[in-house]
K.L.:
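Shown below is the structure under consideration.
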Amino acid sequence: MNQERHFTLLPDAFYQYPTLQLAEELLGCILVKQTEEGTSSGFIVETEAYLGNADRAAHGFKRRTKRTEILYAEAGLTYTHLIHNHCLINVVTAEKEVPESVLIRAVEPYTGIDQMLARRPVKKFQNLTSGPGKLSQALDINMGDYGRSLQEPPLFIAEGKKPEKIKTGPRIGIENSGEAKDYPYRFWAAGNKFVSK
DNA sequence: TTATTGATCCCCT
DNA sequence: GGGGATCAATAAT
């Protein structure tokens with residue numbers, strides 16, 4: 001009920017980083033979602049960068065539509081992508097007209113874990129948020145969050161702890177993206193159990 | 001056996 | 001061509 005934790009929102013300047021750097025910086029930050037039941041949050045432990053104009057794997061790759069419109073907006077917004085009955089959450093990055101974003105693939109539960117478990121009953125704790133579809137369900141992120149700013153409640157990102165070790169590697173699920181599939185645009189906290197893989 | 005996630009297929013604007 | 005839905009493969013219980 002009472003949310004005694006104090007979250008410090010990321011400074012506006014944070015979102016001005018280049019996408020790749022931001023993807024890395026985002027690790028360890030806290031993704032917070034406030035609902036009627038209370039506040040749920042988790043450390044971001046896995047991200048993927050999508051550079052729209054030079055990246056075939058990105059939705060924004062020469063595909064400006066209603067759905068990807070938000071990718072062309074300014075940084076610091078939420079881009080929720082509904083796919084196979086699950087919701088993936090992206091952080092829009094880069095300046096206006098540049099369709100770049102950072103996909104949040106996994107988080108580590110931090111606060112409001114009871115609520116997350118209520119929304120998403122799991123046996124294994126580490127299975128609660130160890131995947132893009134899982135974390136959005138646990139945090140109650142849905143299409144209603146599309147285009148929402150990440151710099152104000154009910155959905156925002158706060159400062160957190162920086163992982164000791166960060167690893168990078170090729171992204172997941174982009175087999176038909178030509179040479180882009182080998183780009184090391186995936187970042188994760190080394191050794192973290194909540195990383196999906 | 002069920003849940004999650006990636007890939008493919010089909011229908012719509 | 002894009003978006004949504006469906007199908008199938010993989011991992012968790």
Side-chain angles (χ1 to χ4, degrees), chain A residues 23 26-27 31 33 35 40-73 77-92 94 96-110 112-148 167-197:
Chain A
L26 232 28
L27 291 175
L31 179 64
K33 175 67 192 282
T35 67
S40 302
S41 66
F43 293 108
I44 297 170
V45 296
E46 184 180 357
T47 62
E48 282 181 12
Y50 284 90
L51 311 184
N53 284 332
D55 188 353
R56 279 200 49 182
H59 292 145
F61 182 70
K62 313 226 163 147
R63 286 186 176 79
R64 182 167 187 160
T65 64
K66 182 86 178 292
R67 182 227 214 161
T68 58
E69 183 68 30
I70 205 72
L71 289 173
Y72 293 82
L77 300 181
T78 315
Y79 167 53
T80 47
H81 174 207
L82 195 59
I83 185 171
H84 48 57
N85 289 104
H86 289 285
C87 213
L88 313 196
I89 178 172
N90 291 55
V91 177
V92 177
K96 250 178 179 305
E97 306 305 315
V98 180
E100 300 188 354
S101 68
V102 175
L103 167 66
I104 298 176
R105 291 193 107 271
V107 303
E108 174 185 340
Y110 179 38
I113 291 172
D114 289 346
Q115 295 150 40
M116 288 192 241
L117 286 172
R119 276 189 290 266
R120 203 185 139 55
V122 289
K123 269 267 179 68
K124 271 278 176 74
F125 190 58
Q126 68 192 69
N127 229 38
L128 185 57
T129 55
S130 58
K134 303 176 189 178
L135 80 89
S136 46
Q137 186 186 358
L139 290 177
D140 193 33
I141 290 167
N142 49 61
M143 285 315 277
D145 295 310
Y146 179 90
R148 182 164 272 166
K167 299 196 70 172
T168 65
R171 293 166 299 182
I172 293 176
I174 51 174
E175 283 307 306
N176 6 356
S177 301
E179 70 283 349
K181 75 173 187 197
D182 293 323
Y183 293 175
Y185 288 173
R186 180 164 171 252
F187 302 84
W188 70 92
N192 192 293
K193 299 185 292 293
F194 294 92
V195 173
S196 68
K197 156 61 195 306

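So that the names make sense, note that chain A is the first sequence line, chain B the second, and so on, each numbered from 1.
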K.L.:
Decide side-chain contact (heavy atoms from CB on, under 4.5 Å) for D145(A) and I89(A); before the verdict, give the C-alpha distance in whole Å, the side-chain angles of both, and the deciding distance to 0.1 Å.
P.N.:
CA-CA 9 Å; D145(A) 295 310; I89(A) 178 172; over 6 Å; no

K.L.:
What's the CG-P distance between L135(A) and dT4(B), to the nearest Å?
P.N.:
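L135(A) atom CG is separated from dT4(B) atom P by 12 Å.
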
K.L.:
Side chain of R105(A), heavy atoms from C-beta onward: which of dT13(C), dG4(C), dG6(B) has the nearest atom to it?
P.N.:
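Taking heavy atoms from C-beta onward, the closest nucleotide is dG6(B).
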
K.L.:
Just the rounded figure in Å: distance from C1' of dA12(C) to CZ of F194(A).
P.N.:
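Rounded to the whole Å, the gap is 15 Å.
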
K.L.:
Would you please say whether a donor-acceptor pair under 3.5 Å links the side chains of E48(A) and Y50(A)?
P.N.:
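Side-chain D/A pair, E48(A) to Y50(A): present.
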
K.L.:
What integer distance in Å separates R120(A):CZ from dA12(C):C1'?
P.N.:
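After rounding, the gap between these two atoms is 11 Å.
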
K.L.:
Please report the distance, rounded to the nearest Å, between CG in L82(A) and C1' in dG2(C).
P.N.:
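My rounded result for the distance is 15 Å.
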
K.L.:
Please report the distance, rounded to the nearest Å, between NE2 in H86(A) and C1' in dA5(C).
P.N.:
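Spelled out: NE2 on H86(A) to C1' on dA5(C) is 13 Å.
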
K.L.:
For residues Y79(A) and R67(A), determine if any side-chain heavy atom of one lies less than 4.5 Å from a side-chain heavy atom of the other.
P.N.:
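A side-chain contact under 4.5 Å exists here.
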
K.L.:
Closest to the K124(A) side chain: dA12(C), dT5(B), dT4(B)?
P.N.:
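Given the options dA12(C), dT5(B), dT4(B), the side chain of K124(A) is closest to dA12(C).
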
K.L.:
Give the rounded distance in Å between these two atoms: CG of L88(A) and C1' of dT4(B).
P.N.:
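Rounding to the nearest Å, CG of L88(A) and C1' of dT4(B) are 11 Å apart.
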
K.L.:
Within the pair T65(A) and dG3(C), is there a side-chain N or O less than 4.0 Å away from OP1 or OP2?
P.N.:
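Answer is yes, contact under 4.0 Å.
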
K.L.:
For Y146(A) and dG4(C), what is the distance between atoms OH and P respectively, to the nearest whole Å?
P.N.:
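So the OH-P distance, Y146(A) to dG4(C), works out to 10 Å.
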
K.L.:
Evaluate side-chain contact (heavy atoms from CB on, under 4.5 Å) for E108(A) paired with K193(A), printing each intermediate quantity in order.
P.N.:
CA-CA 8 Å; E108(A) 174 185 340; K193(A) 299 185 292 293; over 6 Å; no

K.L.:
Given dT13(C), dT5(B), dG3(C), which nucleotide is nearest the side-chain atoms of K134(A)?
P.N.:
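Output: dT5(B).
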
K.L.:
How many Å lie between CD on Q137(A) and C1' on dT4(B), as a whole number?
P.N.:
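Roughly 10 Å, once rounded to whole Å.
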
